Amino acid sequence: MNRILIAEDESRIAAFIEKGLRSHGFTTAIAGDAESATRMALGSDFDLLILDLGLPGKNGLEVLEELRGQGENFPVIILTARDDIQDKVAGFEAGADDYLTKPFRFEELLVRIKARLRNSTATQTIDEMILKMGDVVLDLRSRKVKVGTETIELPAREFTLAETFFRHPGQVMSREQLLDRVWGYDYDPGSNIVDVYVGYLRKKLGSDLIETVRGMGYRLRT
Ligand code: CA
């Protein structure tokens, strides 16, 4: 119950929210425009969406309607500068669970997120907070990794990358998918950052944990 998608085109605000959420143990991804927000929300297993209304591409309400239309039922909190009652009504009618206006305090956003996650039907058990493969164990609550008997601290991006693989064991993940999920919009699509980070994980967690699937991407070996 800890993956949050932040649909926000203002990078300063997105980074502010991301930093706060990560320091509270959430996993986050950022979508900087309407199209990637829709794609990421539909293609991944997020538990909650923070949605700005003024997004490049489409209005946030259209994004929300599309997601609800496709059966996505995770909680959505609209976070916007628009504070008209009409906008709020439209937001709730489009399927939002909550509505917070900018400027906002992070504490208030956090309280609302926690309330929404508590209410949402999926109550995550301890088992779901522990992901295992071979002798590598990811504890999503403490965000620590155990390799055999040794406990390792991973930087945030490496942990998120590891978590992404562990949530999809045996499944080929393309570089684009990994960039989307781990880096959000915050990357240069031509960069080799995924390869570099997979290298870090191999070094720290075991060289044969993640295999290269030529021309397609990477896969967590089962
Ligand atoms: Ca905006």
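Order of listing sets the numbers, starting from 1, for every ligand and every atom in it. What you see is a predicted model, and the numbers here were worked out from it, not measured in a lab.
- Counting non-hydrogen atoms of other residues, nucleotides and ligands closer than 6.0 Å to CD of E150 gives a total of 12 or fewer.
- Only protein N, O or S atoms were considered, and those under 3.0 Å from the Ca ion (ligand 1) are D9 OD1, D52 OD2, G54 O.
- Taking the six-membered ring for Trp and thresholds of 30 and 60 degrees, F106 and H24 have ring planes inclined between 30 and 60 degrees apart.
- Using a 4.5 Å cut-off on side-chain heavy atoms (C-beta onward), E10 and D52 make no contact.
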Q) Going through the checks in order, is the salt bridge (charged side-chain N to carboxylate O under 4.0 Å, His left out) test met by R112 and D97? A) CA-CA 10 Å; R112 288 168 184 247; D97 299 276; over 6 Å; no
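- Using bins of under 30°, 30° to 60° and over 60° for the plane-to-plane angle, the ring pair Y99/F92 lands in the tilted bin.
- For K146 and D139, the salt-bridge test fails: no basic side-chain N is under 4.0 Å from an acidic carboxylate O.
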